[in-house]
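Everything on this sheet refers to the single structure shown next.
All figures in this text were calculated on a predicted structure; none of them were measured in a lab. Every chain is numbered from 1, with letters handed out A, B, ... down the list of sequences.
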Amino acid sequence: MSDIEQMYKEVILDLYRSPLHAGHLDHPSHEASASNPSCGDVCHIELLVKNGKVIEAAHQTSGCAISTAGVSLLVDHLIEKDIKELEKLADEDVLQMLGVPITHNRLKCALLGLRPLKEIIQTMNNVR
Amino acid sequence: MKNIRHQFPLLKNYKDLVYLDNAATTQKPQSVIKTVTQFYQRQNANVHRGAYKLSDTSSRLYLQAHKTIADFIDAREDEIIFNSGATEGINTLAYSLCKDIDSKSNVVITQMEHHSNLIPWAEMAKRKGFGLRVIPFDHQSQALDLDALDTLIDENTKVVSIIHVSNVLGVISPVDAIIKRARAVGAYTIIDACQSVAHMPLSMKALDCDFCVFSGHKIYGPTGIGVLYGKRALLSKMDPFMYGGGMVGMLTDDSIAWNDLPMKFEAGTPNIAGAIGLAAAVEFLQEIGMDVVKEHSISLTKYAVEALGSVSGVRLYASSAQRMGVLPLSVTGVHSHDVASVFDSENIAVRSGQHCATPIVRSFTEEGIVRASVAVYNDEKDIDRLIIALEKVKKMFKV
């Protein structure tokens, strides 16, 4: 398979067409947004956190296949996880979730969802 | 046009590359690379300063560069100010022309502006409290809507700053009508010629604008060099943009007189190599002839518009507009970034996204736009490759 076929393998395209956890939570405890100004991609993440644990998570993402799939996989990963554990999430972890080769210029697409997540965790830490 | 591509070392190094991101930056011909290299190897010294031979040479070359650019755009050599690019040109003009502007005044731009001709004015409007008015793009007629021109540009309009050819759509602005109206109310006129200067002959005398800006790297010159043209009578009256070395005429304990034009506006050591490199780029274009360049851009654009029109599931934005060199498109159901990535896998370089021109892109789509833009070294085969790549996109994304 060529690099481009690997980048856009079926699982990525499926997530692009039908993203996981797309939509809104009824009663989110935390939410944050991020956008990529050069491409116009926008991502909004909502979490319901109880006792330091993510109970529910949802997102609304408008973007390319890579950013939409990246946010989908990230949000899916958040559910049932402790915030303490999620604090350690790094760029590499998200790239690993995607599991496809990402070129330098597409990194900002792949990592779009991490920014609102970090913002939420930052806010929680400030409150603490 | 024959024998053009082989003059570009990068295109020789990447024989399979279809470079269609020329609205962002063009590749550089051997003559420009050689001129810049030769300057650093044999001619480098600061300008206007030393009594020694090298400084004399570099000063002469630097002044000659002003003249080359002046001839190219039908202006006087003392009306050519070198800077880092169009962004600096518009920012310096925004600071300068808005200095004494009051809150009752207004500045007029168009909906097609690049951020470089939007943000400086928006920021000044915020600081000074004046109004920023926008000539809208009419999606029906696929052109700027001039119906409300007489009310948009009124006696309180101080500056009218407009893009000549849209970097997103390639649509040509009706600059003559807008400049005429601006002149009737006594407003300053600025033309952003970043795209147009690469595709058509420009005459400052014929355009009759007060100021014009463009960047060297979009017309085969080096990065970091740009041109601000200003009418001599205005530049003479205006205060310098920046203060420092090289722009002072006479300095005594209690008075400073500014240097002659254009040095008055070129404080600090200028980008000498860039200016000389840009002059070489202009000479490269003059060798071909700007009429020939224009004809090439028109015919290749026409070929591309027709070819793209025949591909199902592909939308060409403002498809029937009068346009120059730029082809904005999308593939239904596929985000612009993903289209560009698949193109890249076929060695086709295009730009995708918002193109630093959010207002006009958003008026068409939220998904960004794929932009292919042509230059003198592109030909019909490049467009054919683009069409084949579009089929690959559709196949991969099953649309």
Requested in this report: Could you please state which residues from residues 63-81 of chain A sit under 4.5 angstrom from chain B, measuring non-hydrogen atom to non-hydrogen atom, sorted by number, or 'none'?
Outcome: Gly63(A), Cys64(A), Ala65(A), Ile66(A)
Query raised in the report: Going by residue number, which parts of residues 4-26 of chain A are within reach of chain B, meaning a heavy-atom gap below 4.5 Å?
Result: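 If one takes a 4.5 Å heavy-atom cut-off, the residues of residues 4-26 of chain A near chain B are Ile4(A), Glu5(A), Met7(A), Tyr8(A), Glu10(A), Leu13(A), Tyr16(A), Arg17(A).
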Query raised in the report: Is it the case that Asp41(A) and His335(B) place a side-chain donor and acceptor less than 3.5 Å from each other?
Result: yes
Report task. With a 4.5 angstrom heavy-atom cut-off, could you sort out which part of Val334(B) is near chain A: side chain, backbone, both or neither? Result -> backbone
Report task. Return yes if some donor-acceptor pair links the side-chain N/O of Arg106(A) with the main-chain N/O of Ser341(B) below 3.5 Å, else return no. Result ->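 No, Arg106(A) side chain to Ser341(B) backbone: no donor-acceptor pair under 3.5 Å.
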Query raised in the report: At their closest point, which heavy atom of His337(B) faces which heavy atom of Cys109(A), and how far apart are they?
Result: CD2-SG, 3.6 Å
**Report entry** Crowding at CG, Asn51(A) (>12 non-hydrogen neighbours, <6.0 Å)
**Finding:** no
Query raised in the report: Can you name the side chain to side chain donor-acceptor pair (under 3.5 Å) partners of Asn105(A), sequence neighbours left out?
Result: none
**Report entry** Set of residues satisfying ring pair (Phe, Tyr, Trp, His ring centres under 6.0 Å) with respect to Phe343(B), sequence neighbours excluded
**Finding:**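 Testing Phe343(B) for ring pair (Phe, Tyr, Trp, His ring centres under 6.0 Å), a comparison that skips the adjacent residues, returns none.
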Query raised in the report: How long is the gap from OG on Ser62(A) to CD on Glu366(B), to the nearest 0.5 Å?
Result: 6.5 Å
